[in-house]
2 protein chains.
Amino acid sequence: MGKLREPLRDIAECGLPAALEAVGERWSFMILRASFNGLHHFEEFLTELGIARNILSGRLVKLVEVGILQRTPSPDDRRKVIYQLTDKGLDLLPAMIALRQWGERWETGVPSNPVLCDERDRRPINPISIRAHDDREIDHHGLCWIDEGELNADRDQDNEQPVKNLGAM
Amino acid sequence: MGKLREPLRDIAECGLPAALEAVGERWSFMILRASFNGLHHFEEFLTELGIARNILSGRLVKLVEVGILQRTPSPDDRRKVIYQLTDKGLDLLPAMIALRQWGERWETGVPSNPVLCDERDRRPINPISIRAHDDREIDHHGLCWIDEGELNADRDQDNEQPVKNLGAM
DNA sequence: TTTTTAGGTTGCGAATCAGTACCTACCTAA
DNA sequence: TTAGGTAGGTACTGATTCGCAACCTAAAAA
């Protein structure tokens, strides 16, 4: 594995490049989708995804390395290996669903069948949205960046502070 | 542009492969992040991202093609071009923030500075989460797939239906 | 009128992707 | 106990894409 490629700029500064470093390669998200859907074995991913063996092999190694998947030899059949999502992997679900919903809204057009629902009430889930501290839905207009220092300083006060409007994400 | 590569399987069936087809390539998300942060010009992206000119050029063409960015010649300076997010592009924000938050939680560790806040109350936004129809937060345990047919059939009834637990995302 | 700037394109080597043919351990049926 | 199939990989090959640097053109700026 070459790995001479410079890591996406500013790994430390922002979580996005870091996330992309872990799951940004081609097929990674598709493998995770398959995992979320209960696939556990190499050959299952292979036939379900239509990915090449060597690529799948490499991706699985990577996803295990970064701690998104866990690799366990099957107790029943010593040929088999069980790949399953760790907590870290499961925590990608909101991002995956958000991306999927975007694809449905803007690309495929249809909210594909079957529909993702909550198990208790058996009704479709809401669109993933951005929420303020009080759970108010907000869009990009209602967002800004605040410095950690300023944050603590002006809590529970109403003095005006300079607002950097999305200046350094 | 070769484009002989088979599109990620089942484009029509699910929004995720469709979304990845649009923004799944290397650098696409970083360009969008920069766009969200108010960058508009080729040379700005170039220096801010540290991406190669030809790659940036290709990505911008692609993102414009799929309708995520809009390309407008600047009225002030006829050399300049303004790239800005369309509504379709802006609608990727929840997915981007979810991914970024994941990266902060699991990779960088720190909720990087400055902090993304709501403009009204100037407090950090909540983590992106999955919500049921009644806005209840749910995790992967509380999710299931329901067929469109079944969905309409059992609305406002409490008969038991077979639950496919994440069987075909 | 020369120089700079903005936004590209082109060419080329390096890295990655993808398809296929192996290979090895293991299970199963005869 | 052995032949044959299965599970999970590697190794080899060619196609595609990435990334760097050089170049190019139109339009400001000096």
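So you know, we letter chains A, B, ... as the sequences are listed, proteins then strands, and number each from 1.
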- Query: With B/H133, which residues qualify under side chain to side chain donor-acceptor pair (under 3.5 Å), at least two apart?
  - Reply: A/D121

- Can you find a side-chain donor-acceptor pair between B/S28 and B/R26 that sits under 3.5 Å? no

- Query: Hey, are the side chains of B/V81 and B/S74 touching, using non-hydrogen atoms and a 4.5 Å cut-off?
  - Reply: no

- Query: Is the phosphate of D/dT10, meaning OP1 or OP2, less than 4.0 Å from a side-chain N or O of A/S57?
  - Reply: yes

- Message: Using side-chain heavy atoms (C-beta onward) and a distance below 4.5 Å, is A/L143 in contact with B/I125?
- Response: yes

- Integer-rounded Å distance: D/dG9 C1' and A/K62 NZ: 19 Å

Polar atom pairs (N or O), protein with nucleotides 11-13 of chain D, under 3.5 Å:
none

- Task: Specify the separation, in whole Å, of atom CZ of A/R26 and atom C1' of C/dA18.
- Result: 9 Å

- salt bridge (Lys or Arg N to Asp or Glu O under 4.0 Å) evaluation trace for A/R53 with A/E43: CA-CA 9 Å; A/R53 302 184 79 84; A/E43 308 284 331; 3.0 Å; yes

- Message: Counting only side-chain nitrogens and oxygens, does B/W27 get under 4.0 Å of the OP1 or OP2 atom of D/dG19?
- Response: yes

- Query: Rounding to a whole Å, what distance do you find between A/H41:NE2 and D/dG8:C1'?
  - Reply: 12 Å

- Message: Pair B/E107, A/K88 - check salt bridge (Lys or Arg N to Asp or Glu O under 4.0 Å), show working.
- Response: CA-CA 10 Å; B/E107 298 291 328; A/K88 181 173 175 179; 2.6 Å; yes

- Given side chains that start at C-beta, do those of A/S35 and A/F45 come closer than 4.5 Å, heavy atoms only? yes

- Task: Round to a whole Å and report the spacing from CZ of B/R59 to C1' of C/dG7.
- Result: 17 Å

- Message: What is the separation between atom NE2 on B/H40 and atom P on C/dA6, rounded to the nearest whole Å?
- Response: 15 Å

- Message: Are B/L16 and A/M96 packed together at the side-chain level, in the sense that at least one heavy-atom pair is separated by less than 4.5 angstrom?
- Response: yes

- Note on the structure: So, with a heavy-atom separation below 4.0 Å from DNA chain D, the residues of residues 66-83 of chain A are A/R71, A/R79, A/K80, A/V81, A/Y83

- Task: Measure from CD on A/E44 to P on D/dG8 and round the result to the nearest Å.
- Result: 8 Å

- Spacing between B/F42 atom CZ and D/dT25 atom P, to the nearest angstrom: 17 Å

- Query: CD1 of A/I55 versus P of D/dT16: gap in Å, rounded?
  - Reply: 14 Å

- Task: Please step through salt bridge (Lys or Arg N to Asp or Glu O under 4.0 Å) for the pair A/D87 and B/R105, ending with a clear verdict.
- Result: CA-CA 12 Å; A/D87 288 341; B/R105 260 197 300 284; over 6 Å; no

- Task: Please determine, for the side chain of A/A52, which listed nucleotide (C/dA18, D/dG19, C/dG7) has the closest atom?
- Result: C/dA18

